[in-house]
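None of the values given here were measured: they were computed from a predicted structure.
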Amino acid sequence: MRDEELIIYKEFEDGQILRDMVWLMDHYRSGDGKARPLFYKCMHNLLEMAAVYAFHGNLWHCYLTNLLVNNENSYSMPCEMRGEIEGSINQLALHDITIFKEFFDYDFTAMMDVLKAPEFSTVSDYQGSLIVSRIYSTTIRDRVCHLAEQFAVCETAWEMKALLTEFYRSYGVGKFGLHKAFRVVHEEQGARIEPIRNISHVQLDDLIGYEIPKKKLTDNTNAFVEGRKANNCLLFGDAGTGKSTSVKAIANEYYDKGLRIIEIYRHQFQDLNDVIAQIKNRNYKFIIYMDDLSFEEFETEYKYLKALIEGGLEKKPNNVLIYATSNRRHLIRENYGDKEGIREDMHASDTVQEKLSLVYRFGVTIFFRGPDQKQFQEIVKGLAARYGITMQEEELLAEAGKWELAHGGLSGRTAQQFIDYLRGHLA
């Protein structure tokens, strides 16, 4: 087989199964005692892959398809979210897909007979028992399995290439294409961006009320994903009012339009430039998300953020915005002494401007006000209806009032916690 002749699709993060199977295709008839144990090892590895990804059907085909949709290379990356490109690269991509078609079309019947390994037939038509993938969302898992089924019936490599290119256009390639949200991990070599595999499946409609803040947020995000001018965004206000929920909802609702969220914490601001370098040339829109952002007077990490947003020599890429949530409007703690000049600082006004300069770099600020009693009751009633709680309204609101007095006061979070309590005790 011609795996060593691959040109573009060359380096695979999980390519050992491919190398072992290709070796078997070339050597299983030689009588080498290594062939049969290796064949069973490949079956084991394919089943382990199925357990991790929750794949089903022909696991060999699912494995090959997963290699293709994850391989970031000189063909797949220009195609992500854009579709087919022009140039000689298409002929080279077709060359590689032709080799992959040979892998897809390979008939294992003779190998199973010679190596006395009929169990491979189960791997070729595997009925998975796991619904939830540890790697992909259910939607992406199903798309990969469906693409594997489509590849299996393609008559030509050209058809396979067209399907793969359309997949890149619709969903992207690699970790950024197949996941919505990411975190940053600092390593000796620098910052590594890794997927968050279990993001909350919340939608903006799940947040009852707050129509004006939600519209302001979606208007800005729509402009961003559509390639129009958009602003960095600060969501501030009382605790438990839905600021973080709104950003999670944005990640879910705009994923299909190419939006990705990268969560970064304050202590990781030194990695911001490294993160930007990894994403600035990708065909996605990235929101760098900073939750519960605030700084004490002695903390200076905010200066990294100021330089990134506006002020550094290198321009922030057009495919990157900053979204932050905070309970503080001005992000950095201020003292009365800053404004009254009753401190050793000779230029108190400069101190104030220095502390305000960060928040001024957010072009859109959205206020999430804590609900009053009536709004809190509306949230409770809305959540009760959503989850099918049939308690009489008068009793429901009376119990909600007792709950909020003992559990943090009037907020959407408190209302949700109360409803969760009822769901656990009325079930």
Side-chain angles (χ1 to χ4, degrees), residues 1 3 6 9-28 32-72 76 99-100 102-152 164 167 171 173-180 182-183 185 192-199:
M1 300 299 288
D3 61 306
L6 292 168
Y9 290 85
K10 194 72 175 175
E11 302 296 332
F12 299 104
E13 186 175 339
D14 187 20
Q16 188 59 50
I17 298 177
L18 176 63
R19 291 188 290 271
D20 289 343
M21 290 293 265
V22 169
W23 186 91
L24 284 166
M25 293 171 187
D26 289 338
H27 298 93
Y28 78 91
D32 191 322
K34 297 179 181 178
R36 191 166 187 268
L38 184 59
F39 194 32
Y40 276 97
K41 178 182 177 182
C42 288
M43 282 189 263
H44 167 80
N45 289 336
L46 287 171
L47 289 169
E48 287 297 303
M49 175 203 67
V52 172
Y53 288 89
F55 285 156
H56 54 80
N58 189 313
L59 298 186
W60 170 238
H61 289 173
C62 288
Y63 168 73
L64 292 173
T65 302
N66 201 49
L67 291 183
L68 290 172
V69 301
N70 275 286
N71 194 258
E72 299 178 351
S76 63
I99 295 176
F100 261 85
E102 294 177 17
F103 299 154
F104 270 91
D105 293 345
Y106 187 85
D107 186 350
F108 285 93
T109 302
M111 188 184 299
M112 292 163 59
D113 290 342
V114 170
L115 299 180
K116 296 181 174 55
E119 294 83 2
F120 192 80
S121 60
T122 302
V123 176
S124 300
D125 185 20
Y126 187 69
Q127 306 301 313
S129 59
L130 297 177
I131 299 175
V132 179
S133 168
R134 294 195 300 231
I135 303 296
Y136 295 144
S137 68
T138 301
T139 301
I140 292 298
R141 184 276 314 272
D142 290 344
R143 287 170 180 167
V144 173
C145 290
H146 180 61
L147 184 60
E149 294 170 358
Q150 290 180 299
F151 282 160
L164 183 59
F167 187 96
Y171 312 116
V173 60
K175 64 183 179 184
F176 290 130
L178 303 179
H179 300 276
K180 301 174 183 178
F182 305 84
R183 63 171 60 90
V185 178
R192 176 168 56 86
I193 303 173
E194 68 173 23
I196 297 174
R197 308 193 190 281
N198 189 25
I199 186 172

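- Relative ring orientation between Tyr136 and His179 is described as tilted, the plane-to-plane angle lying within the 30° to 60° band.
- By the 30° and 60° cut-offs, the orientation of the rings of Phe100 relative to Phe103 is perpendicular.
- The minimum heavy-atom distance linking Ala35 with Trp23 is given by the pair CA-CZ3, 4.2 Å.
- Using a distance-only test at 3.5 Å, with no hydrogens or angles considered, a donor-acceptor pair links the side chain of Asn71 to the main chain of Glu11.
- Taken from CE in Met25 to CG in Asp20, the straight-line distance is 11.0 Å, to the nearest 0.5 Å.
- Tyr126 approaches Ala50 most closely through the heavy-atom pair CE2-CB, 4.0 Å.
- Ring centroids of His61 and Phe104 are separated by less than 6.0 Å, placing the two rings close together.
- Interatomic distance, Leu59 CG to Cys42 SG, rounded to the nearest 0.5 Å: 12.5 Å.
- Ring geometry for Phe108 versus Phe120: interplanar angle of 30 to 60°, hence tilted.
- If you look at Phe182 and Phe176, their ring centroids are closer than 6.0 Å.
- Under the 4.5 Å side-chain criterion, counting only non-hydrogen atoms from C-beta, Asn70 is not in contact with Glu13.
- Considering every non-hydrogen atom in both Met43 and Val123, the closest pair reads CG-CG2, 4.0 Å.
- With values rounded to the nearest 0.5 angstrom, Ile17 atom CD1 is found 12.5 Å from Phe12 atom CZ.
- Put simply, the side chain of Arg134 does not reach to within 4.5 Å of the side chain of Tyr53, judged on heavy atoms.
- Shortest non-hydrogen contact noted between Tyr40 and Lys116 is OH-O, 3.5 Å.
- With no hydrogens or angles considered, a side-chain donor-acceptor pair links Gln127 and Asp125 at under 3.5 Å.
- With hydrogens and angles disregarded, a donor-acceptor distance shorter than 3.5 Å links the side chain of Arg141 to the backbone of Ala54.
- Residue Ile135 comes nearest to Val52 through the heavy atom pair CG1-CG1, 3.3 Å, listed as atom of the first residue, atom of the second, then distance.
- A donor-acceptor contact shorter than 3.5 Å is absent between the side chain of Asn66 and the backbone of Cys62.
- Counting heavy-atom neighbours within 6.0 Å of Lys34 NZ, excluding the residue itself, gives a total of 12 or less.
- Contact annotation: the side chain of Phe151 approaches that of Thr65 to within less than 4.5 Å [non-hydrogen atoms, C-beta and beyond].
- Distance alone, capped at 3.5 Å, is enough to place a donor-acceptor pair between the Tyr63 side chain and the Leu18 backbone.
- Annotation: the span from Arg143 atom CZ to Leu178 atom CG amounts to 9.5 Å, rounded to 0.5 Å.
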Audit row: Leu67, Tyr9, side-chain contact (heavy atoms from CB on, under 4.5 Å) steps and yes/no: CA-CA 9 Å; Leu67 291 183; Tyr9 290 85; over 6 Å; no

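- Atom CG of Leu115 and atom CZ of Arg36 lie 7.5 Å apart (nearest 0.5 Å).
- Between Asp3 and Ile99 there is no side-chain heavy-atom pair separated by less than 4.5 Å.
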side-chain contact (heavy atoms from CB on, under 4.5 Å) between Asn45 and Gln16, worked out: CA-CA 9 Å; Asn45 289 336; Gln16 188 59 50; 5.8 Å; no

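- Leu24 has its side chain within reach of Leu38: a pair of non-hydrogen atoms, C-beta onward, lies under 4.5 Å apart.
- Met21 places none of its side-chain heavy atoms less than 4.5 Å from the side chain of Tyr106.
- Taking 4.5 Å as the limit, every side-chain heavy atom of Leu147 sits out of range of all side-chain heavy atoms of Leu68.
- More than 12 heavy atoms of other residues, nucleotides or ligands lie within 6.0 Å of NE2 in His27, so this atom counts as buried by the packing criterion.
- Rounding to the nearest 0.5 Å gives a distance of 12.0 Å between CG of Leu46 and NZ of Lys41.
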